[in-house]
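Residue indices begin at 1 and follow the sequence shown. Keep in mind it's a predicted model, so treat the numbers as computed, not measured.
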Amino acid sequence: TVFCDTGSGPSSRNASVERGGERQSDTSDSETTDVRRINQQPFSREGRYDPNRFRLHFEKESKEEVEKRKKMAREKVLQPVSDKELEIDINDIYPSEKGLGFPRRPSWNYEMTRESLLRKEEKSYREYLDDLHSRNPPGSLSHFEHNLETWRQLWRVLEMSDVILLIVDIRHPVSDFPPALYHYITGDLQKQVVLVLNKADLCPAPLVIAWKHYLTSQFPHLQIVCFTSHPGQPYSTVLQKKRMRRKADWSHAGGPLEILKACQDITAGKVDLSSWEQKIQRDAVAERLGGERPDEGAESVLMEQQSDSAMEMSSMSQELYKDGVLTLGCIGFPNVGKSSVINSLVGRKVVSVSRTPGHTKYFQTYYLTQQSNCVTALGLVFPSRVTKQLQILAGIYPVSQLQEPYSSVGYLCERTPFLSGSEELSWTAWMCVKVTWAERRGYKTAKAARNDVYRAANSLLRLAIDGRLCLCLRPTGYSYYGSTRTDDDGGGGTGERDDEEDGESSTEPEEERDRDADDDEDGDDEDEGFGQPRRNDDKPSGFTVNMYNVLRENECE
């Protein structure tokens, strides 16, 4: 079995390039499984490292499946879903009887050679895939990672870390939170998990609190922290205003101090974290004084550990807080904001962020202080029963390589105000894209000057991934217990698009950036905020409260 792809395939942004007949993964996946390798990068044999080693490997969809969804997008009349359908239960996403775990590192000893260990890991991984597919019929599982190299990165992070930061997107947190991973960390490894609800500014305060209560009821011993790289920009409407193009304010992010407090509770005085607390305070003062940090080079040292470190023959650390140092491990799905959390913990930008899944390429270690450091793994997609449309809207699949974006647009339209005021019309997903968005933005094909439906659909999906068109799902029971909420509190609200947004020209540079968004290697776009919030006279009366005060994050003001 080949462990490292040579990168001989074509390099192109077009989805059509890889729609052909690549069969079988280049890294230890099942011999009977069709796997599509995503984000192919140019590769020079003179280079030291293969840029394609950790690219996403997802199971291929058949041409018949794709064509069926295209037909449905043209014919199915969209209907706004009920409030109940906006609710999502973690037990439906990860049913316990379906065996939706994750591959574990097999046991080994020092008498084994490195090659024999790799073969054993490969065999164990094939058995895991076979068992998973035997319990779940074809097409029932979501996209999930088939690249063993990436799972090895996760193993290494879990082995090295004392406390795990599991980062999820607040808009749909349970889809990013595999219970099997939580129980493995807290049970088998005897380590603690801090759940970071990231991008908290994209949800209204009542919904954020409802998710915290729901997750606490499901996992009573779980530490939960809310986080945002853009404090002071509370949620306004489902259809957000124009995004601000400024860079994120890492030093004033809402959440680093809360993560510190959670770690202090977990370590219970076994590690002196006072230097970390002082660093957070110094960073905040330095930012207020103009952003000068004369000693930042001494405090924040980056060490990149390349791919081979994930396969070193080293056993799981049995000693927590070795040498009085706390090691944090940052893990999570693609596009949940791991890079932004790390930048905020360090207090400056050390990791580039992008909406492209798989943007972070290597296992890395960042030293925060002498008593604390942070290691991060690549974004990993676990097997689940979540719909593929929601996965696409969550940003785990590169939009530029979608073969069929229209069903995801339909999923979005049924759960946002796109259909409000148009009851007399029979809209399909295809019509929403072609008649409204392509016409409004002026997206035309190069030769025939027809509406460019594919580009228009991709543009809408990118707006949703960025949070500019915000779809927030709700925990089970929210519709019943949330009787005090207003119509503007989440996924199914009836907020209307701003006149300013309606009148934007399709030739605006920002829209040109949307077209090439997946090539943005350093766009600071992963979880940017938005323009100034609505004026008080435009806000629903239920949202005059500041969400950060509610969440005990007063330092975010």
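Surrounding NZ of K120 are more than 12 heavy atoms belonging to other residues, nucleotides or ligands, all under 6.0 Å away. Applying the 6.0 Å contact sphere to CE of M431 captures more than 12 heavy atoms from other residues, nucleotides or ligands.
L202 and C472 get closest at one heavy-atom pair: O-SG, 3.4 Å. What you find for L461 and S408 is that their closest heavy atoms are CD2-CB, 3.8 Å. Heavy atoms only, all atoms of each residue included: S175 and V386 are closest at CB-CG2, 4.2 Å. The two residues L100 and P95 make their nearest non-hydrogen contact at CD1-CD, 3.7 Å. In this structure, V208 and C226 approach most closely via the heavy-atom pair CG1-SG, 3.6 Å. When all heavy atoms are compared, the tightest approach of Y184 to R104 is CD1-NH1, 3.1 Å.
Remark: Y128 OH to L132 CG distance equals 5.0 Å, nearest 0.5 Å. Considering CD1 of I259 and CG of L328, their distance stands at 8.0 Å, rounded to 0.5 Å. The distance from atom CG of D201 to atom CD1 of I170, rounded to the nearest 0.5 Å, is 10.5 Å. T476 contributes atom OG1, which lies 3.5 Å from atom CG of D89 (distance to the nearest 0.5 angstrom). In this structure, I164 CD1 and I185 CD1 are separated by 5.0 Å, a value rounded to the nearest 0.5 Å. Atom CD of E75 is separated from atom OG of S426 by 13.5 Å, given to the nearest 0.5 angstrom.
When the side chain to side chain contact (heavy atoms under 4.5 Å, CB included) test is applied to T150, the partners found at least two apart in sequence or on another chain are F54, E145, N147, L378, L380. Looking at residues two or more places apart in sequence or on another chain, you find a side chain to side chain contact (heavy atoms under 4.5 Å, CB included) between S134 and D131. For E127, the salt bridge (charged side-chain N to carboxylate O under 4.0 Å, His left out) criterion is met by no residue, not counting sequence neighbours. Considering only residues two or more places apart in sequence or on other chains, F58 meets the ring-ring contact (aromatic ring centres under 6.0 Å, His included) condition with H143, Y397. Under the side chain to side chain contact (heavy atoms under 4.5 Å, CB included) criterion, S82 pairs with K84, E85, sequence neighbours left out. With sequence neighbours left out, R74 forms a side chain to side chain contact (heavy atoms under 4.5 Å, CB included) with W430.
At a cut-off of 3.5 Å, with distance as the only test, a side-chain donor of S479 or E87 sits close to an acceptor on the other residue. Remark: the T327 side chain and the S161 side chain contain no N/O donor-acceptor pair separated by less than 3.5 Å. At a cut-off of 3.5 Å, with distance as the only test, no side-chain donor of T216 or H213 sits close to an acceptor on the other residue.
Not less than 6.0 angstrom separates the ring centroid of F144 from the ring centroid of F382. The aromatic ring centres of F219 and F177 sit less than 6.0 Å apart.
Using modelled atom types, one side-chain atom of E414 and one backbone atom of Q79 make a donor-acceptor pair closer than 3.5 Å. Between the K60 side chain and the R37 main chain, no donor and acceptor come within less than 3.5 Å of each other. The backbone N or O of S140 sits less than 3.5 Å from a side-chain atom of R385, completing a donor-acceptor pair. Counting only distance, with no hydrogens or angles, the side chain of K191 and the backbone of E159 share a donor-acceptor pair below 3.5 Å. The backbone N or O of I465 lies less than 3.5 Å from a partner atom in the side chain of R171, making a donor-acceptor pair. Between the side chain of D176 and the main chain of D169, a donor-acceptor pair closer than 3.5 Å is present. Side chain of E65 to backbone of S62: a donor-acceptor contact under 3.5 angstrom is found. The main-chain N or O of Y182 is found under 3.5 Å from a side-chain atom of T186 such that the two form a donor-acceptor pair.
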Criterion side chain to side chain contact (heavy atoms under 4.5 Å, CB included) on Q389 and R69, from CA distance to verdict: CA-CA 11 Å; Q389 287 75 26; R69 290 205 303 269; 3.7 Å; yes
Derivation of the side chain to side chain contact (heavy atoms under 4.5 Å, CB included) call for H57 and I38: CA-CA 6 Å; H57 289 189; I38 301 172; over 6 Å; no
Test side chain to side chain contact (heavy atoms under 4.5 Å, CB included) applied to R152 and R156, step by step: CA-CA 6 Å; R152 286 185 172 118; R156 187 64 174 140; over 6 Å; no
Step-by-step side chain to side chain contact (heavy atoms under 4.5 Å, CB included) determination, Q403 to E67: CA-CA 10 Å; Q403 301 178 76; E67 292 302 323; over 6 Å; no
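The shortest distance between side-chain heavy atoms of I331 and L158 falls below 4.5 Å. Counting heavy atoms from C-beta outward, E404 and E61 have side chains that stay 4.5 Å or more apart. Within the 4.5 Å cutoff, no side-chain heavy atoms of V77 are placed close to those of W427. Between E64 and K68 the shortest side-chain heavy-atom distance does not fall below 4.5 Å. Considering only heavy atoms from C-beta on, Y478 stays 4.5 Å or farther from Y214 through its side chain. Side-chain contact between D466 and L463 is absent, with no heavy atoms from C-beta onward closer than 4.5 Å. Counting only heavy atoms from C-beta outward, the side chains of Q223 and L195 never approach each other to under 4.5 Å. At a threshold of 4.5 Å between non-hydrogen side-chain atoms, the residues L345 and Y366 do not count as touching.
Taking the charged nitrogens against the carboxylate oxygens, E121 and R105 do have a contact shorter than 4.0 Å, which makes a salt bridge.
Both tests pass for R415 against the ring of Y411: distance under 6.0 Å to the centre and angle within 45° of the axis.
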